[in-house]
Amino acid sequence: MSDTIPMRVIARIHSDFTSKFGIPRQSGLVESLQAVIVFEPEYRDPNALRGLEDFSHLWLIWQFSQAVRQTWSPTVRPPRLGGNTRMGVFATRSPFRPNAIGLSCVKLDRVELHPELGPVIHVLGADLLDGTPIFDIKPYLPTADCHPEALSGFAGPVRDYHLEVVFPQQWLDRVPEAKRSALQGVLAQDPRPSYQDDPDRVYGLTFAGLEVKFTVSDGVLTVCRVAPARDGQPARR
């Protein structure tokens, strides 16, 4: 029996994130984030999506395309635990796994029949990098997939963590109005690794073609610059 199984990329997602820094750590944390799923040519059959619009949420099975590696470690250091505490890789959602596969629950916004791309899916709340390959899409079933009594382990204490965001009007005006809510939500989730807490350090992320600079002090994130991202390259941080 072969120890490898072929996987087919059926689609790719297009989001406002061109670099990993700043992407929410879980799907659904910033529901105003917009993304579009475009199928590969051989899967652009509208019949494959028949009945999909009757569901409100979807499961996406995808690849951590920037974390593929030949080796693996049985333990990882979750950022939310400060980056120093090791946990078993199967007790985390780290991208550094034996198989670099991600699982995200997103909200279905609408299905569009595009004249050139065929059926495309508009979703909200995705935590995927622009261009991420998708292996499968399944409907979310609340009767089977929702377990309100479930325990959240070591991730529980940081569930409600967020920063206050101060976004001066002069910088907010440089952000397209349709992207403002999502960007503010991303910043409130605190993009920094938990082990970085230097109030004098200027951080930066790219979002929707913009380079956003900010500082963080005493639980308050203050935006200090917004400018077009240089040559489409990820912001330095």
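Both backbone and side-chain heavy atoms feed into the values below; hydrogens, waters and symmetry mates do not.
At a threshold of 4.5 Å between side-chain heavy atoms, the hydrophobic network of Ile, Leu, Val, Met, Phe, Trp and Tyr places Phe154 and Val76 in two separate groups. Hydrophobic clustering of Ile, Leu, Val, Met, Phe, Trp and Tyr side chains at less than 4.5 Å, counting indirect connections, keeps Ile61 apart from Phe90. Ile101 and Leu103 fall within a single hydrophobic cluster, where Ile, Leu, Val, Met, Phe, Trp and Tyr side chains are chained together by heavy-atom contacts under 4.5 Å. Clustering ILVMFWY residues whenever any of their side-chain heavy atoms sit less than 4.5 angstrom apart, transitively, puts Leu33 in a cluster other than the one holding Val123. Residues Trp62 and Leu52 fall within the same hydrophobic cluster, defined by Ile, Leu, Val, Met, Phe, Trp and Tyr side chains chained together at heavy-atom separations under 4.5 Å.
The side-chain heavy atoms of Ile23 and Leu128, taken from C-beta on, include no pair separated by under 4.5 Å. A heavy-atom distance below 4.5 Å is found between the side chains of Val111 and Glu53. Side-chain atoms of Ile121 and Leu58, non-hydrogen and from C-beta on, do get closer than 4.5 Å to each other. The shortest side-chain heavy-atom distance between Val36 and Ile13 does not fall under the 4.5 Å cut-off. Taking the side chain as every heavy atom from C-beta outward, Ser56 and Leu108 never approach each other to under 4.5 Å. Side-chain contact between Leu60 and Ile137: present, with at least one pair of heavy atoms (C-beta onward) separated by less than 4.5 Å. Side-chain contact between Phe135 and Ile10: absent, with no pair of heavy atoms (C-beta onward) separated by less than 4.5 Å. Side chains of Leu183 and Phe167 form a contact here, defined as non-hydrogen atoms less than 4.5 Å apart.
When all heavy atoms of Glu116 and Arg44 are compared, the closest pair comes out as O-NH1, 3.8 Å. In this structure, Asp130 and His14 approach most closely via the heavy-atom pair OD1-CA, 3.1 Å. A pairwise comparison of heavy atoms in Phe21 and Pro191 identifies CE1-O, 3.4 Å as the closest pair. For Leu49 against Pro119, the heavy-atom pair with the smallest separation is CD2-CB, 3.9 Å. Pairing each heavy atom of Gly22 with each of Val186, the nearest pair is O-CG1, 3.0 Å. Closest approach of Val226 to Leu210, counting heavy atoms only: CG1-CD1, 4.1 Å.
Within the model, atoms CG of Leu163 and CD of Gln184 stand 13.0 Å from one another, a figure rounded to the nearest 0.5 Å. The CG atom of Leu129 sits 11.5 Å away from the CD atom of Gln63 when rounded to the nearest 0.5 Å. Atom NZ of Lys138 is separated from atom CZ of Phe55 by 12.0 Å, given to the nearest 0.5 angstrom. Rounded to the nearest 0.5 angstrom, Trp171 CH2 and Asp173 CG are separated by 10.5 Å. The CG atom of Asp127 sits 10.0 Å away from atom SG of Cys105, with the distance rounded to the nearest 0.5 Å. Atom CG of residue Leu205 and atom NZ of residue Lys20 lie 14.5 Å apart, to the nearest 0.5 angstrom.
At distances below 3.5 Å, at least one donor-acceptor pair connects side-chain atoms of Arg97 with backbone N or O atoms of Thr92. At distances below 3.5 Å, not a single donor-acceptor pair connects side-chain atoms of Arg12 with backbone N or O atoms of Thr132.
Within a 6.0 Å radius of CZ in Arg25, more than 12 heavy atoms belonging to other residues, nucleotides or ligands are found. The neighbour count for Arg86 CZ, taken as heavy atoms of other residues, nucleotides or ligands under 6.0 Å away, is above 12. Sparse packing is recorded around CD of Gln70, with 12 or fewer heavy atoms of other residues, nucleotides or ligands lying under 6.0 Å away. Heavy atoms from other residues, nucleotides or ligands lying under 6.0 Å from CG of Asp218 number 12 at most.
The existence of a salt bridge linking Lys107 and Asp109 is excluded, since no basic side-chain nitrogen approaches an acidic carboxylate oxygen closer than 4.0 Å. One finds a salt bridge joining Lys179 and Asp16 here, because a Lys/Arg side-chain nitrogen approaches an Asp/Glu carboxylate oxygen to under 4.0 Å.
At a cut-off of 3.5 Å, with distance as the only test, no side-chain donor of Ser104 or Trp59 sits close to an acceptor on the other residue. Residues Thr215 and Thr222 have side chains that never bring a donor and an acceptor to within less than 3.5 angstrom of each other. Counting only N and O atoms by type, the side chains of Trp72 and Asn99 include no donor and acceptor under 3.5 Å apart. At a cut-off of 3.5 Å, with distance as the only test, no side-chain donor of His162 or Gln189 sits close to an acceptor on the other residue. Of the N and O atoms on the side chains of Thr206 and Ser19, at least one donor lies less than 3.5 Å from an acceptor on the other residue.
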Could you walk me through whether Val9 and Ile134 pass the side-chain contact (heavy atoms from CB on, under 4.5 Å) check?
-> CA-CA 6 Å; Val9 176; Ile134 295 177; 5.9 Å; no
Apply side-chain contact (heavy atoms from CB on, under 4.5 Å) to Cys224 and Val202, showing your working.
-> CA-CA 8 Å; Cys224 55; Val202 177; 4.1 Å; yes
Verify side-chain contact (heavy atoms from CB on, under 4.5 Å) between Ser94 and Phe64, making sure each step is shown before the conclusion.
-> CA-CA 10 Å; Ser94 167; Phe64 288 103; over 6 Å; no
Test side-chain contact (heavy atoms from CB on, under 4.5 Å) applied to Val166 and Val223, step by step = CA-CA 6 Å; Val166 175; Val223 175; over 6 Å; no
For the pair His122 and Gln34, evaluate side chain to side chain donor-acceptor pair (under 3.5 Å) and give the outcome as yes or no after the intermediate values.
-> CA-CA 7 Å; His122 295 257; Gln34 302 175 13; over 6 Å; no
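Ring planes of Phe214 and Tyr203: parallel class, angle under 30° (limits at 30 and 60°).
With sequence neighbours excluded, the residues forming a side chain to side chain contact (heavy atoms under 4.5 Å, CB included) with Ser32 are Val30, Ser181, Ala182, listed by chain and number.
Less than 6.0 angstrom separates the ring centroid of Phe207 from the ring centroid of Phe17.
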